[in-house]
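Below you'll find the structure, written out as structure tokens, and then a few comments.
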Amino acid sequence: MINFFSFLKYLVPFTLLLFFAQYYGSSAFSQDHDFFYATWSIYLFLFGTTLLIYVLLLFVNANFPDFTGFAFLGTTFVKMMAAVVFLLPLIQSEGRETNLDIAAFFIPYFLFLLFETVFSVRLINKR
């Protein structure tokens with residue numbers, strides 16, 4: 001339980017910092033480009049999946065500590081598939097320039113992935 005609150009203590013400020021940076025950055029582009037997804041929906045997806053993955057990793061680490069790394073790889077793969085499903089309406093939209101929309105999603109996606117990786121490695125090394 002301590003690991004969860006420690007993780008949450010870092011995840012919430014990390015999410016808010018990135019959210020406001022992207023929100024104000026994308027508002028500068030919004031004059032020239034209408035983004036397909038609102039910034040809050042991207043961050044809600046990333047925050048929710050990151051939190052869910054870490055909770056699952058805590059469960060696996062508590063019950064099957066030897067499989068925590070495999071659980072991280074599996075949940076990361078599922079998150080990648082969920083990201084594709086999340087972006088499917090954007091991918092299928094016709095007549096849109098999608099480069100900025102894809103970047104607006106994948107830049108924070110990879111930052112969240114790095115964040116997850118750091119905390120997952122810490123969790124694995126605590127054993």
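Residue numbers count from 1 along this sequence.
Linking ILVMFWY side-chain heavy atoms closer than 4.5 Å, directly or via other members, places Val121 and Phe67 in two distinct hydrophobic clusters. Under a hydrophobic-cluster definition in which Ile, Leu, Val, Met, Phe, Trp and Tyr are linked whenever side-chain heavy atoms come within less than 4.5 Å, directly or via other members, Ile124 and Val60 are assigned to different clusters. A single hydrophobic cluster is not seen to contain both Leu56 and Phe5; linkage of ILVMFWY side chains at heavy-atom distances under 4.5 Å, directly or through other members, places them apart. In the hydrophobic clustering of this structure, Val55 does not group with Val78; members are Ile, Leu, Val, Met, Phe, Trp, Tyr whose side-chain heavy atoms approach within less than 4.5 Å, directly or through other members. Leu16 and Tyr24 end up in the same hydrophobic cluster when Ile, Leu, Val, Met, Phe, Trp and Tyr side chains are linked at under 4.5 Å.
The six-membered or imidazole ring of Tyr10 lies near that of Phe119, with a centre-to-centre distance under 6.0 Å. Aromatic ring centres of Phe86 and Tyr37 lie closer together than 6.0 Å.
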Determine whether Thr50 and Glu116 satisfy the following criterion, side chain to side chain donor-acceptor pair (under 3.5 Å), listing intermediate values before the conclusion. CA-CA 7 Å; Thr50 301; Glu116 287 172 26; 3.0 Å; yes
Steps toward ring-ring contact (aromatic ring centres under 6.0 Å, His included) verdict (Phe106, Tyr109): CA-CA 5 Å; Phe106 276 108; Tyr109 176 88; 5.5 Å; yes
Under the side-chain contact (heavy atoms from CB on, under 4.5 Å) criterion, do Thr49 and Phe112 qualify, and how do the steps go? CA-CA 10 Å; Thr49 55; Phe112 272 85; over 6 Å; no
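Pro108 and Ile42 get closest at one heavy-atom pair: CG-CG2, 4.4 Å. Here the closest heavy-atom approach between residue Phe35 and residue Ala104 is recorded as CE2-CB, 4.0 Å. Contact detail for Leu18 and Tyr43: the closest heavy-atom pair is O-OH, 3.2 Å. Shortest non-hydrogen contact noted between Leu87 and Phe105 is CD1-CD2, 3.5 Å. Between Phe36 and Asp101, the shortest heavy-atom distance links the atoms N-OD1, 2.8 Å.
To the nearest 0.5 Å, the span separating CG on Leu46 from CG on Leu113 amounts to 10.0 Å. How far CD1 of Ile91 is from CD1 of Ile102: 5.5 Å, rounded to the nearest 0.5 Å. Taking CG of Leu11 as the reference point, atom OG of Ser6 lies at 11.0 Å (rounded to 0.5 Å).
In this view, Phe20 satisfies the ring pair (Phe, Tyr, Trp, His ring centres under 6.0 Å) rule with no residue, not counting sequence neighbours.
A heavy-atom distance below 4.5 Å is not found between the side chains of Val84 and Met80. Side-chain contact between Leu114 and Phe110 is absent, with no heavy atoms from C-beta onward closer than 4.5 Å.
By the 30° and 60° cut-offs, the orientation of the rings of Tyr54 relative to Phe7 is parallel. Ring pair Phe14/Phe115 is parallel by interplanar angle, where below 30° counts as parallel and above 60° as perpendicular.
Checking side-chain atoms of Asn61 against main-chain N and O of Leu57 turns up no donor-acceptor pair under 3.5 Å.
Within 6.0 Å of atom CZ in Phe59, 12 or fewer heavy atoms from other residues, nucleotides or ligands are found, so the atom counts as exposed in its surroundings.
Asn3 and Lys126 share a donor-acceptor pair across their side chains, judged by distance under 3.5 Å alone.
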